[in-house]
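The structure presented is a predicted model; accordingly, all values stated were derived computationally and were not measured.
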Amino acid sequence: MKNNINKSLIMLATGFLLLLSACTEGFEDLNIDPNQPLEVPTSSLLTGAQRELVANIFGNHSQLDGIGLPGMIYAQQMASLRGGATDTYATVEADFSAFYTSGLRDLEEIILLNTNPETMVNAALSGPNQNQIAVARILKAWAYQNITDVWGDIPYEEALQGNNFPLPAYTTQEFIYMDLLKELSEAAEMIDIAGGGIAGDIIFDGNMDKWYRFANSLRMRVALRLSNVAPEVAENHISEAFTAGPMVSVDDNAYYKFLESQPNNNPWFFRFELSVPNYGVGSTLVDMLKSLNDPRLEKYADVAFNQDLGGGYIGQPVGLDVASGSAISDFAVSWPNAENILQPTSTFTIMSYAEVNFILAEAAERGWISGNASDYYNSAISASMEQWGISDPSAIESYLSQGDVRYDSTDPFKSIGNQKWISLYMQGVQSWSEWRRLQYPELDVAKDAVIEAIPRRRGYPPSEINLNKSNYEEALARQGSDDLLTRVWWDRQ
């Protein structure tokens, strides 16, 4: 009797479980919120990575500086309206952690999702796997060059490895640069233009031909930085990238395009229109443009608001402390141009055709490529003019014919350095880096400087000093003191 009861209970329980199974079949699918996907599309990762890297380099609404604005101040293209610690070189440390926890992390995830056989099919919904991988590698190279140019040795080989390397060692800048050249060469070769574009791309809207040309152009930028420490490497890579095909017109310029509304509009608009303006165009830049009758002056800057205090284009004096800076009216100096720089949708320039031509001018002057250095130089200036909306051929020709602008074959790097510096306005890391490499234009140390020279790098973030101390100290033993005057590897003569 007991056994029969047990059998009946077992049969009843089994039937209930079968019924429950039938009722819940497909239950998991029904309870997946389509607005909360379990796997983020790689197109979203790409959009986020570009946005975050641009914020880290050029600044954003809550942290306008990025790493670019201090570079503009060191290169004397911008100055604080009321003076400050950056202007006088009193601020040493800067934080690089946001690069690793946002933009670079997302790019690494794009590569993994497009490489793993279990996720490749879904990832391909955002475009050909190999093209997504190539773009992620190009953007990583762009970001890492900016980071290493600011700090020198940085986490690289062991970075982005999660729990495998929670405290990553620092990689030498020499190794990083050689690896960036390899990455850009291989990424360009990966690109399948005929295979189709990719989704989520703010910079080129998925156009793979433009990504290919940008990869070759960026490879030339990276290579040229080695002109003083590894000229044979620089020559080889510039020659190869030139043959492969860099940018060929202003239409190939790499821009980051902002939207009309927050939080995706231009942070310079936010700062000047919705907050308190803090920066004026540096007097060094304004004075040079005025001395050359440079038509880009009215594209770079606005006239001073208060005409009773002099009027016209007046640069904010560079290198002032708070006491000296505050004695000058904010309205007595020129601010960045409202139409070209302070609009909600104003763009940031990542790399330009003008820069490519300056690279070619220097390469031709050094005998690394064929062609006339003067012709490339003139093309570079013309492209910069076009980029900033100056299209009158006679105005450009008149500018190029001036004695102080004409290519000086007896001092070619002065000609290239001065004009390249002008063209790199608003690209702080690049203008500062090229000044460090070429030493042009000739800049004076800040008037109220607390150290004896213009900074050559930034100090490591305090978090590294506290949490990654052994690797931090190893980097210092190899590179030098953690201060503003220690030179990075490519900056050593």
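- Under a 3.5 Å cut-off, the side chain of Ser217 and the backbone N or O of Met247 do form a donor-acceptor pair.
- Salt-bridge check for Glu183 with Lys140: failed, with every basic side-chain N at 4.0 Å or more from each acidic carboxylate O.
- Around CD of Glu473, the count of heavy atoms belonging to other residues, nucleotides or ligands within 6.0 Å exceeds 12.
- Remark: Asp149 pairs with Arg225 by the salt bridge (Lys or Arg N to Asp or Glu O under 4.0 Å) rule, at least two apart or across chains.
- Between the CG atom of Asp209 and the CZ atom of Phe214 there is a distance of 14.0 Å, given to the nearest 0.5 Å.
- Note that the CD atom of Glu158 and the CG atom of Asn471 stand 7.0 Å from one another [nearest 0.5 Å].
- Counting heavy atoms from C-beta outward, Val150 and Phe96 have side chains that stay 4.5 Å or more apart.
- Scanning both residues, Asn114 and Ala124, for their nearest heavy atoms gives OD1-N, 4.4 Å.
- Atom CZ of Arg137 sits about 5.5 Å away from atom NZ of Lys182, to the nearest 0.5 Å.
- By the 30° and 60° cut-offs, the orientation of the rings of Phe272 relative to Trp268 is parallel.
- For the pair Thr115 (side chain) and Ile111 (backbone), a donor-acceptor distance under 3.5 Å is present.
- Side-chain N or O atoms of Ser185 include none that pairs as donor or acceptor with a backbone N or O of Leu181 at under 3.5 Å.
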May I have the list of side-chain donor-acceptor pairs in residues 229-240 shorter than 3.5 Å, sequence neighbours left out?
residue : atom : partner : partner atom : Å
His237  : ND1  : Arg219  : NE           : 3.0
His237  : ND1  : Arg219  : NH2          : 2.9
Glu240  : OE1  : Arg219  : NH2          : 2.5

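- Cation-pi check for Arg457 over Tyr460 is met; the charged atom lies under 6.0 angstrom from the ring centroid and within 45 degrees of its normal.
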CA sep, side-chain torsions, deciding dist, call: Asp179, Tyr156, side-chain hydrogen bond (donor to acceptor under 3.5 Å, both in side chains): CA-CA 10 Å; Asp179 200 57; Tyr156 182 75; 2.6 Å; yes

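- Under the ring pair (Phe, Tyr, Trp, His ring centres under 6.0 Å) criterion, Phe269 pairs with no residue, sequence neighbours left out.
- Considering only heavy atoms from C-beta on, Pro461 stays 4.5 Å or farther from Glu93 through its side chain.
- Between the side chain of Ser423 and the main chain of Lys420, a donor-acceptor pair closer than 3.5 Å is present.
- The two residues Ala199 and Leu46 make their nearest non-hydrogen contact at O-CD2, 3.7 Å.
- The aromatic ring centroids of Tyr440 and Trp421 lie 6.0 Å or more from each other.
- Using the six-membered ring where Trp is involved, Trp489 and Tyr177 have ring planes that are tilted, between 30° and 60° apart.
- Note: Phe348 and Phe258 have perpendicular aromatic rings, judged against thresholds of 30 and 60 degrees for the angle between ring planes.
- Using a 4.5 Å heavy-atom threshold, the side chains of Ile67 and Asn146 count as touching.
- Between the Ser43 side chain and the Gly200 main chain, no donor and acceptor come within less than 3.5 Å of each other.
- Of all non-hydrogen atoms in Ser431 and Gly428, the two that sit nearest each other are OG-O, 3.2 Å.
- No side-chain heavy atom of Thr345 sits under 4.5 Å from any side-chain heavy atom of Leu259.
- Nearest heavy atom pair, residue Gly459 against residue Asp482, reads CA-OD1, 3.2 Å.
- Taking every heavy atom of both residues into account, Asn129 and Ala123 meet most closely at ND2-CB, 4.0 Å.
- Side-chain contact between Met190 and Asn131: absent, with no pair of heavy atoms (C-beta onward) separated by less than 4.5 Å.
- Both the sub-6.0 Å distance and the 45° axial angle are not jointly satisfied by Arg437 relative to the ring of Trp435.
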Steps toward side-chain hydrogen bond (donor to acceptor under 3.5 Å, both in side chains) verdict (Thr171, Glu157): CA-CA 7 Å; Thr171 301; Glu157 293 170 281; 3.1 Å; yes

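- The CH2 atom of Trp211 lies 13.0 Å from the CG atom of Asp252; values are rounded to the nearest 0.5 Å.
- Gln343 places a side-chain N or O within 3.5 Å of a backbone atom of Ala338 that can act as its donor or acceptor partner.
- You'll find the side chain of Ser374 reaches within 4.5 Å of the side chain of Asn378, heavy atoms only.
- For Arg366 and Phe413, the positive end sits near the middle of the six-membered ring, less than 6.0 Å away and at most 45° from its axis.
- Side-chain contact between Val488 and Trp490: present, with at least one pair of heavy atoms (C-beta onward) separated by less than 4.5 Å.
- At a threshold of 4.5 Å between non-hydrogen side-chain atoms, the residues Trp432 and Met72 do not count as touching.
- Salt-bridge formation is detected for the pair Arg456/Asp491: a Lys NZ or Arg NE/NH1/NH2 atom is positioned less than 4.0 Å from an Asp or Glu carboxylate oxygen.
- The structure places CD1 of Ile133 at 10.5 Å from CD1 of Ile110, a figure rounded to the nearest 0.5 Å.
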Asn340/Tyr300 under side-chain hydrogen bond (donor to acceptor under 3.5 Å, both in side chains): CA gap, chis, key distance, verdict: CA-CA 7 Å; Asn340 294 313; Tyr300 285 8; over 6 Å; no

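- Under a 4.0 Å N-O distance rule, the pair Glu108/Arg105 does not qualify as a salt bridge.
- In terms of modelled atom types and a separation under 3.5 Å, the side chain of Ser433 and the main chain of Gln430 share no donor-acceptor contact.
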Worked check of side-chain hydrogen bond (donor to acceptor under 3.5 Å, both in side chains) between Tyr407 and Glu365: CA-CA 11 Å; Tyr407 189 74; Glu365 183 63 45; 2.6 Å; yes

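- Thr42 contributes no side-chain N or O that, together with a main-chain N or O of Leu45, makes up a donor-acceptor pair within less than 3.5 Å.
- A donor-acceptor contact closer than 3.5 angstrom is absent between the side chains of Asn466 and Ser463.
- Looking only at distances, a side-chain donor or acceptor of Gln132 sits under 3.5 Å from a matching main-chain atom of Gly127.
- Within the 3.5 Å criterion, the main-chain N or O of Thr148 finds a donor-acceptor partner in the side chain of Gln173.
- By the 6.0 Å contact criterion, CG on Asp205 is open, its count of non-hydrogen atoms from other residues, nucleotides or ligands being 12 or less.
- For the atom pair Met208 CE and Asp201 CG, the distance stands at 8.0 Å (nearest 0.5 Å).
- Ring centroid separation for the pair Tyr279 and Trp335 does not come in under the 6.0 Å cut-off.
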